[in-house]
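What you see is a predicted model, and the numbers here were worked out from it, not measured in a lab. In what follows, every heavy atom counts, from backbone to side chain, and hydrogens, waters and symmetry copies are set aside. Proteins come first, then strands; the chains are lettered A, B, ... in the order of their sequence lines, and each starts at number 1.
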Number of protein chains: 2
Amino acid sequence: MALENPPGSAFLLAAVGAHAAARFAARVSALDLTPPQVGLLGLIAASPGQSQQALAGVLGMPPSRLVGLVDALADRGLVERRRNRTDRRLYELHITEEGTEMLARIAKVGREHDDALCRSLDAAERETLRALLSRIAADQGLRPGIHPGYRSV
Amino acid sequence: MALENPPGSAFLLAAVGAHAAARFAARVSALDLTPPQVGLLGLIAASPGQSQQALAGVLGMPPSRLVGLVDALADRGLVERRRNRTDRRLYELHITEEGTEMLARIAKVGREHDDALCRSLDAAERETLRALLSRIAADQGLRPGIHPGYRSV
DNA sequence: TGTAATCGTTCAGAGTTGTAATCGTTCTGG
DNA sequence: CCAGAACGATTACAACTCTGAACGATTACA
């Protein structure tokens, strides 16, 4: 909305956040990945062996949506589905060698993205911003490393 | 993604921004409005008499999409389409009395939303956050009061 | 043993978004 | 003054994504 003078922090947050997400999406598209795929890959790397339903619960996403994301990552050999030996209903999701390499490239893209976004801030200001945002995130019940809106950057 | 320790400012921005947008959407839904409608209403109030195509250009949105938004606002009597006298191809979009009242309610909701989001920050910290975000927004070419991603909160 | 619950998957339906064609109006050039 | 191009708004259409229910396979429990 264009009515507030000056705009509240919430509007600025939403606007800059959407811009950051869009720019990040453009960067990872060069790796033939979408932000949700990146989020899922990172989550699998952080806690391997999880079932799809467990991941869907963590991400707040319907399990039917996870199928396509996992399919895309598995087709490219970035993750693999292993049947759980004691409960063959479950899949254990694990990251592969190639997935780990991809993750390194993603991390590099993320740092470049971060630098581009915050280039108008010096190191101390960036740390201040990070601290303030972290405080809000914790207060608002956002789990670290998990993007709300299921797009999970 | 859940791979960075600590997460970069960009990821935090995207996550908190998405959360802020979602919460704002929930609040305005109590007024039977969607965020895009709110953004458009505010824009019309800020610069009345604009044509639909001009607004579509400002918002970075296809004109065909604006039709539905304007229809929804016009059906509820919040805005009105007036034919331009010198060029009857154009509509002039104006806000109505009821639209102005609605805008006051929206502003109140916005302030409540802002307070809820930043409740863990004191006044000085909020101002610091606003200043840092404004700097990034200006540097990144975001026009003030206009939400990228066309959702225009 | 058999019934209910769980996991992953698939499918159909709804909702959204962008592109292209349509209609009325206005501007341009002879 | 008239014919055709240009322009704004609208509508129609197609592509895409997400949600929710249903299904087969497997397991847990009574």
Side-chain angles (χ1 to χ4, degrees), chain A residues 18 21-22 25-26 28-29 32-40 43-44 47-75 79-94 147-153, chain B residues 18 21-22 25-26 28-29 32-40 43-44 47-75 79-94 147-153:
Chain A
V28 294
S29 79
D32 275 316
L33 286 174
T34 65
Q37 289 169 358
V38 171
L40 179 58
L43 201 56
I44 292 174
S47 53
Q50 296 272 90
S51 73
Q52 297 188 184
Q53 182 141 336
L55 289 176
V58 169
L59 292 170
M61 165 189 312
S64 60
R65 218 188 132 181
L66 218 89
V67 176
L69 293 175
V70 174
D71 283 347
L73 296 179
D75 288 347
V79 305
E80 62 179 4
R81 292 190 237 235
R82 299 184 200 156
R83 282 289 183 189
N84 186 315
R85 303 203 174 189
T86 64
D87 189 341
R88 292 192 317 207
R89 292 174 301 180
L90 286 70
Y91 279 123
E92 294 180 355
L93 296 180
H94 291 273
H147 194 298
Y150 334 114
R151 269 78 185 272
S152 68
V153 167
Chain B
V28 295
S29 78
D32 275 316
L33 286 174
T34 66
Q37 290 170 357
V38 171
L40 179 59
L43 201 56
I44 292 174
S47 53
Q50 295 273 87
S51 74
Q52 297 186 182
Q53 181 143 332
L55 289 177
V58 170
L59 291 171
M61 163 188 313
S64 61
R65 218 187 131 183
L66 238 145
V67 176
L69 292 175
V70 174
D71 283 346
L73 295 178
D75 288 347
V79 304
E80 62 180 3
R81 292 190 237 235
R82 298 184 201 156
R83 282 286 183 191
N84 186 316
R85 303 203 174 190
T86 65
D87 188 341
R88 288 193 318 207
R89 291 175 301 182
L90 286 70
Y91 278 122
E92 293 179 352
L93 296 180
H94 291 274
H147 193 297
Y150 334 115
R151 268 78 184 277
S152 69
V153 165

Whole angstrom value for the distance that separates P of C/dT9 from CG of A/L66: 9 Å
Under-4.0 Å side-chain N/O to phosphate OP1/OP2 contact, A/R81 with C/dT9: yes
Interatomic distance, B/R65 CZ vs D/dT10 P [rounded to whole Å]: 16 Å
Partners meeting side chain to side chain contact (heavy atoms under 4.5 Å, CB included) with B/S29 (sequence neighbours left out): none
Distance in angstrom units between A/R88 CZ and D/dG24 P, rounded: 18 Å
Set of side chain to side chain contact (heavy atoms under 4.5 Å, CB included) partners for B/A22, sequence neighbours left out: none
Partners meeting salt bridge (Lys or Arg N to Asp or Glu O under 4.0 Å) with B/R89 (sequence neighbours left out): B/D87
Between the protein and nucleotides 20-22 of chain D, list the N/O to N/O atom pairs that are separated by less than 3.5 angstrom.
| from | atom 1 | to | atom 2 | distance (Å) |
| --- | --- | --- | --- | --- |
| D/dG20 | O6 | A/S64 | OG | 3.4 |

A/R88: partners by salt bridge (Lys or Arg N to Asp or Glu O under 4.0 Å), with sequence neighbours left out: none
Check: A/L55 and A/L43 side chains under 4.5 Å, non-hydrogen atoms: yes
Pairing residues for B/A56 by the side chain to side chain contact (heavy atoms under 4.5 Å, CB included) criterion, not counting sequence neighbours: B/P63, B/L66
Dot-bracket encoding of pairs in DNA chain D, which uses [ ] for pseudoknotted crossings and | for another strand, Watson-Crick or G-U under 3.5 angstrom: ||||||||||||||||||||||||||||||
Listed partners of B/Q52 passing side chain to side chain contact (heavy atoms under 4.5 Å, CB included), at least two apart: B/V67, B/V70, B/R81, B/Y91, B/L93
CD-CG distance between B/Q50 and B/L90, expressed to the nearest 0.5 angstrom: 10.5 Å
Proximal nucleotide (of C/dT25, C/dT10, D/dT11) relative to the A/V67 side chain: C/dT10
Letter per nucleotide, 5' to 3', of nucleotides 2-7 of chain C [B base touched, S only sugar-phosphate touched, - untouched; heavy atoms, 4.0 Å]: ----BS
Interatomic distance where CZ belongs to B/R82 and C1' belongs to D/dA9 [whole Å]: 19 Å
Separation of atom CG in B/L69 from atom P in D/dA9, rounded to whole Å: 14 Å
Minimal non-hydrogen separation, B/A18 against A/H147, with atom names: CB-CE1, 3.4 Å
Shortest non-hydrogen contact between A/Q37 and A/A72, atoms and distance: NE2-CB, 3.5 Å
side-chain hydrogen bond (donor to acceptor under 3.5 Å, both in side chains): pairs with one or both residues in residues 53-64 of chain B, sequence neighbours excluded: none
Sugar-phosphate only, base, or nothing, as touched by B/R83 at under 4.0 Å among non-hydrogen atoms: nothing
